[in-house]
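The structure appears right after this line, and notes come after that.
All values derive from a computational prediction rather than experimental measurement. Numbers restart at 1 for each chain; the letters A, B, ... are given by sequence-line order, proteins then strands.
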There are 2 protein chains.
Amino acid sequence: MIPITAARRLPPRPAAGMVPAMSRSEPSSSAQHGRTGRPRSAEADRAILEATRAALVELGWGKLTLGDVAARAGVAKTTLYRRWNGKSALVVDAVAALFDERLELPDRGSLRADVEGVIQQFAALLERPETKTALMAVVSEATRDEALRGRIRSAVVDRQKRLVIMGRERAQARGELPPDADGEDGRAAAAHHVDLIYDVIAGAVVHRTLVSGERVDAGWAREFTTLLLAGLTSAP
Amino acid sequence: MIPITAARRLPPRPAAGMVPAMSRSEPSSSAQHGRTGRPRSAEADRAILEATRAALVELGWGKLTLGDVAARAGVAKTTLYRRWNGKSALVVDAVAALFDERLELPDRGSLRADVEGVIQQFAALLERPETKTALMAVVSEATRDEALRGRIRSAVVDRQKRLVIMGRERAQARGELPPDADGEDGRAAAAHHVDLIYDVIAGAVVHRTLVSGERVDAGWAREFTTLLLAGLTSAP
DNA sequence: CTATTTCGCTACGAGTCGTAGCGTAACTTT
DNA sequence: AAAGTTACGCTACGACTCGTAGCGAAATAG
């Protein structure tokens, strides 16, 4: 008894906001911070993120409330605010987990097959109602929030870009694409090329799914791949 | 005096919602409905949409409130709810006006120049903070709202697609692209082709600007156009 | 055991939402 | 000119969400 209220005697408070969740796939859980007190419940993290995805599906971004998420997850609302500083940050983490699990690039033997595969894989991810609703909402919020942009970059963009880099290297090894030029310029050009390809592929799939509102079926993936390969394999 | 409250003696009310603004560029204004009472103020429409854009720039989608918009526009909050059924619908109309004014396709003499021009024009539109913030937010909301999807389609998608169709026809007239095949199949294939090109161009520009968060400069537009043309001009 | 941190809970003021009701203004029809 | 109809500005309202504060209890490290 007579417990000394810990929070009270803290310094002015690090900020009004909360833990950055360090952009890892592993949220903000467990000990290992070298900290001394009671560790955050990893189970609570899991439940919260899952509840967030479920609430997104049912309510959509606009009507999703943190109070509702807390109730679904079986935790107190205050716990949410202790870990994330708002709706956007929470949803990014909730959706980022899906990008971890579901994006791979098995070697399908040819550049064409690899490209077509990644298109369909990404399209399948976007078909999920959680991602469909959340991704663009978060992107929209990020236009006014630098920290959120950083989060999206590491949780979504960088992960996808890695697939492009890998596929490109494989194609070069197969001789389907010319190797990168040597030197600093060559590396810069290669990076630019990767960025371009990434925006074209991801952009087209996202746009067709969310803006045009039509499905990415096998036929479309094939046509798009054909168009793309002609551009990729022609002279620089 | 003793005025008979008009609203009271109306039938059960058309709905809880509001005027569809009929998807025209001209909002919901003026008489000419053949209606009989006081017409809606077109000036109010103009002021509201402009106030909406201004509020978007300052506050962003998340913190934009209809009460604030009403105050800026110098109208009563209730007037907003009489014309639009919510934030999303209002913002779509507010942003759609920009797409009207700013999207044209002057004949630049070659397919390459036309494509590069439309890319830069669209990119310039997305640079504006109103569109940057609003477009994806609205798209996100639309994933759960069929009516909103229709609005976006007519206010944004169809207008842009028209540019693709026009550019394509010009290129065919110049002999830069093969003419469409005859018959029903030919027309269907042409429509598919237009859809594909549209999603690739608009998608890449949107994705680079909003997701990757990098500028569409002249160099990028050139590289992208090169990639695209190689794909377009190669055999089907 | 002591120090420290997190947890669930309750409570709260501030702010927004969307609607209702009223009296007035503007326009059409007779 | 009068009557009928619709839009407008204003005020007020209950319902809800937000984000924070404070408390006592639980969980861990040393």
Within this structure, what is the [atom1]-to-[atom2] distance between [X] and [N], rounded to whole angstrom?
X     : N      : atom1 : atom2 : answer
A/Y81 : D/dT17 : OH    : P     : 11 Å
B/L64 : C/dG15 : CG    : P     : 17 Å
B/K63 : D/dG19 : NZ    : C1'   : 11 Å
A/W84 : D/dT20 : CH2   : P     : 16 Å
A/R40 : C/dG8  : CZ    : C1'   : 15 Å
A/L80 : D/dC18 : CG    : P     : 10 Å
A/E43 : D/dA27 : CD    : P     : 15 Å
A/N85 : D/dC18 : CG    : C1'   : 14 Å

Task: Side chains of B/L103 and B/L98 in contact at under 4.5 Å (non-hydrogen atoms) - done: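 No, side chains not in contact.
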Open item on the list: Does any part of the side chain of B/K161, heavy atoms only, come nearer than 4.5 Å to the side chain of B/V194, both counted from C-beta?
Closed with: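 When only atoms from C-beta onward are counted, B/K161 and B/V194 do touch, with a gap below 4.5 Å.
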Open item on the list: Check this for me: does any side-chain nitrogen of one of B/R53 and B/E130 sit under 4.0 Å from a carboxylate oxygen of the other?
Closed with: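 Not counted as a salt bridge, because no side-chain N and carboxylate O are separated by less than 4.0 Å.
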Below 3.5 Å is the cut-off: list the nitrogen or oxygen pairs between protein and nucleotides 10-13 of chain D, distance only.
unit_1	atom_1	unit_2	atom_2	d
D/dC10	N4	B/T78	OG1	2.9

Open item on the list: B/R149: which residues meet the salt bridge (Lys or Arg N to Asp or Glu O under 4.0 Å) condition with it, sequence neighbours left out?
Closed with: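 Per chain and number, B/R149 pairs via salt bridge (Lys or Arg N to Asp or Glu O under 4.0 Å) with B/E146.
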Open item on the list: According to salt bridge (Lys or Arg N to Asp or Glu O under 4.0 Å), who are the partners of A/D145, at least two apart in sequence or on a separate chain?
Closed with: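 If we apply the salt bridge (Lys or Arg N to Asp or Glu O under 4.0 Å) test to A/D145, skipping adjacent residues, there are no hits.
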Task: Residue closer to the 5' end of DNA chain D, B/T79 versus B/R38 (nearest nucleotide) - done: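 Closest to the 5' end, via its nearest nucleotide, is B/R38.
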Task: Comparing B/K87 and B/G37 on DNA chain C - which has the more 5′ nearest nucleotide - done: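 Final value for this comparison: B/K87.
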Open item on the list: Checking contacts here: which listed nucleotide (D/dT28, D/dC18, C/dC17) is nearest the side-chain heavy atoms of B/L66?
Closed with: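 From the listed options, C/dC17 comes nearest.
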TODO: Would you name the heavy atoms of B/F99 and B/A155 that are closest together and state the gap between them?
DONE: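 Scanning both residues completely, I find the closest heavy atoms to be CB-O, 4.2 Å.
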Open item on the list: Classify the ring geometry of A/Y198 against B/H207: parallel below 30°, tilted from 30° to 60°, perpendicular beyond 60°.
Closed with: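 Correct class here is perpendicular.
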